[in-house]
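Before any comments, here is the structure.
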Protein chains: 2
Amino acid sequence: MASPAIPDIIISRLPIYLRALTRMASEGQAITSSKDLGERLGISSAQIRKDLSHFGEFGKQGTGYQVAFLVEKLGQILKVKGEWEVALVGAGQLGTALARYQGFSHRGFHISVVFDIDPAKIGQWIGGYQILDQNEMPRILREQRIRLAMVAVPAGSAQAVADRLVEAGVKGILNYAPINLTVPNGVRVQYIDPVVHLQRMTYYL
Amino acid sequence: MASPAIPDIIISRLPIYLRALTRMASEGQAITSSKDLGERLGISSAQIRKDLSHFGEFGKQGTGYQVAFLVEKLGQILKVKGEWEVALVGAGQLGTALARYQGFSHRGFHISVVFDIDPAKIGQWIGGYQILDQNEMPRILREQRIRLAMVAVPAGSAQAVADRLVEAGVKGILNYAPINLTVPNGVRVQYIDPVVHLQRMTYYL
DNA sequence: TAGATTGTTAATCGATTAACAATC
DNA sequence: TAGATTGTTAATCGATTAACAATC
């Protein structure tokens, strides 16, 4: 009997828990509780316990959770114990900032290739990466079995890029282009659009 | 009698609708329907109609919605018809990319000031902005009545920056630092952390 | 032991969907 | 008119919360 699928909304909270717990660990905090973690995150303690209970029993009555142990477990659940290779498409302003960002490696990700379509950029170096020709992308992604990609191209080319990524076997796309992507079942897309986030706040002003 | 508060989950979808509709308009599409829009976004048509119905009747039976009219209405609802002034804190790699990003102005936002704490950066110019001393921030924000800010500083200083922003009257913070912020009621925070988004996908790989 | 906190159950709450009369 | 699509109601579905026995 297949275990029931875990709701996506629960999965989406786990990286937030992991981030907070990792910070606790770095601050020397050895033990936490659902109440403590919940207060930090603005989430109810019941929800945290319920979320975690889908994956096992990680705590101890009366005591709470070992921070290091929970970090370990969440890392396993999210499969970020090792390092995922990620392709970056688009070496413009934003792509360059992403290529230079130091925060990926300690949290389970590593940019392995950077692509652009502009002949003036191909061959140039940014953040330790030589920019490759986007036409080579399908071949290189297949060869390196890359399953994650970040898209930092103009909105007008994002869907075409996504189509080629999917063709090349990519299963997860982090899309920085301000446009919705259509992808087949089995492929996931996450969106980062600062304007959308800002607009989510102006309603309340 | 106060009208009942609109659930935040509905507000959070409106910018997505607006973005898709704006794109339709730019592609010359004059009319859409809840079915058409829903298919583009992977959302049910019923949900789109229900969401919009909280704010008025914007469509016509048998026909659908005028794209331009709906863009107008959503812009009003989200209060992004004019332009909001936004402060940017942190002029590092990411802050610089944000300062240079051209995509804010046509969607209701304008960066008016950029701050950093590093004496070597203060006074330098990036993307048309002269970097100001972060110590001047409270005074300048108050003077200019700025209510929105983007935080692109290291995680370790993000909470302190947020505290000062709140003190200075900021009501909405777009936080790029990979850490949860604690803010008083009445202040909103939105988070952008690429690693969180990537980790939300690796579970499924 | 007494106090604290877990994991889990049942109750509550809220969001989504299905369905359809109204009507363009 | 016939076909299409809205806005809305009621039903369904799913997520959150409250409560508590178990137990460290």
Side-chain angles (χ1 to χ4, degrees), chain A residues 2-17 20-21 24 29-74 76-77 180 200 203, chain B residues 2-17 20-21 24 29-74 76-77 180 200 203:
Chain A
S3 44
I6 312 274
D8 185 60
I9 194 159
I10 291 179
I11 302 304
S12 77
R13 280 191 293 261
L14 301 185
I16 308 292
Y17 298 168
L21 289 160
M24 285 180 185
Q29 186 177 341
I31 288 187
T32 186
S33 65
S34 57
K35 182 161 173 288
D36 176 42
L37 181 58
E39 278 166 5
R40 283 214 188 202
L41 298 178
I43 290 179
S44 80
S45 62
Q47 179 156 89
I48 288 171
R49 293 198 302 279
K50 188 112 218 283
D51 285 354
L52 295 178
S53 75
H54 285 87
F55 305 96
E57 308 192 357
F58 305 132
K60 225 178 228 168
Q61 285 102 324
T63 308
Y65 304 89
Q66 293 283 133
V67 172
F69 180 72
L70 204 43
V71 164
E72 175 78 14
K73 285 296 172 185
L74 285 172
Q76 279 172 18
I77 294 164
N180 258 79
R200 280 175 182 167
Y203 172 81
Chain B
S3 42
I6 312 274
D8 185 60
I9 194 159
I10 290 180
I11 302 305
S12 77
R13 280 191 293 259
L14 301 186
I16 307 291
Y17 299 167
L21 289 159
M24 284 180 186
Q29 186 178 341
I31 288 187
T32 185
S33 66
S34 58
K35 182 163 174 285
D36 176 41
L37 181 58
E39 279 167 5
R40 281 213 190 203
L41 299 178
I43 290 179
S44 80
S45 62
Q47 179 156 88
I48 288 172
R49 292 197 303 278
K50 187 114 217 285
D51 285 354
L52 295 178
S53 76
H54 286 86
F55 305 96
E57 307 192 357
F58 304 132
K60 225 178 228 167
Q61 285 102 325
T63 309
Y65 304 88
Q66 292 282 133
V67 173
F69 179 72
L70 204 43
V71 164
E72 175 78 14
K73 285 297 172 185
L74 286 173
Q76 279 172 19
I77 294 164
N180 258 80
R200 280 175 182 168
Y203 172 81

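Quick note on labels: first sequence line is chain A, next is B, and so on, each numbered from 1.
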message: Just the rounded figure in Å: distance from P of C:dT6 to CD of A:Q47.
response: 14 Å

field: Side chain of B:S53 - closest among D:dG7, C:dT23, D:dC20
entry: D:dG7

query: Under 4.5 Å between any side-chain heavy atoms of B:V71 and B:M24, yes or no?
result: no

task: Consider the side chain of B:P7, meaning its heavy atoms from C-beta on, and name the nucleotide among D:dT8, D:dT23, C:dA15 that approaches it most closely.
output: C:dA15

query: Of all the nucleotides listed (C:dT6, C:dT17, D:dT5), which has the minimum atom distance to the side chain of B:S44?
result: C:dT17

- prompt: When the distance from CZ of B:F58 to P of D:dG7 is rounded to whole Å, what number comes out?
  reply: 8 Å

field: Option passing side chain to side chain donor-acceptor pair (under 3.5 Å) with B:R49 (candidates B:S34, B:S33, B:S44)
entry: B:S34

- request: Please report, rounded to the nearest Å, how far the P atom of D:dG14 is from the NE2 atom of A:H54.
  value: 13 Å

- prompt: What is the distance from NZ of B:K60 to P of C:dA21, rounded to the nearest Å?
  reply: 23 Å

- prompt: With sugar-phosphate meaning primed atoms plus P, OP1 and OP2, does A:S34 contact a base, only sugar-phosphate, or nothing at under 4.0 Å between heavy atoms?
  reply: sugar-phosphate

- line: Closest to the side chain of A:R13, out of C:dA18, D:dT16, C:dT23, is D:dT16

field: Whole angstrom value for the distance that separates P of D:dT5 from CG of B:L52
entry: 16 Å

query: Nearest-Å distance, CD (B:E39) to P (D:dT5)?
result: 10 Å

message: Starting the side chain at C-beta, find the nucleotide from C:dT17, D:dT17, D:dT23 nearest to A:K50.
response: D:dT17

- prompt: Rounded to whole angstroms, how far apart are CD1 on A:I9 and C1' on C:dG14?
  reply: 11 Å

task: Once you apply the 3.5 Å cut-off to both distances, tell me the Watson-Crick or G-U wobble partner of D:dG14, or none.
output: C:dC13

- prompt: CG of B:D36 versus C1' of D:dT6: gap in Å, rounded?
  reply: 15 Å

task: Report yes if a side-chain nitrogen or oxygen of B:T63 is closer than 4.0 Å to either non-bridging phosphate oxygen (OP1 or OP2) of D:dT5; otherwise report no.
output: no

query: Taking a pair as Watson-Crick or G-U wobble with both distances under 3.5 Å, which nucleotide is matched to C:dA21?
result: D:dT6

- request: List the steps, then state whether side-chain contact (heavy atoms from CB on, under 4.5 Å) holds for A:D36 with A:Y65.
  value: CA-CA 10 Å; A:D36 176 42; A:Y65 304 89; over 6 Å; no

task: Return no unless some side-chain N or O of A:Y65 is found under 4.0 Å from OP1 or OP2 of C:dG7.
output: yes

task: Determine, stepwise, if the pair A:Y17 / A:L41 fulfils side-chain contact (heavy atoms from CB on, under 4.5 Å).
output: CA-CA 8 Å; A:Y17 298 168; A:L41 298 178; 3.6 Å; yes

message: Once you apply a heavy-atom cut-off of 4.0 Å, does B:K35 come out as touching a base, just sugar-phosphate, or nothing?
response: nothing

Phosphate OP1/OP2 of C:dT6: any A:R49 side-chain N/O under 4.0 Å: yes

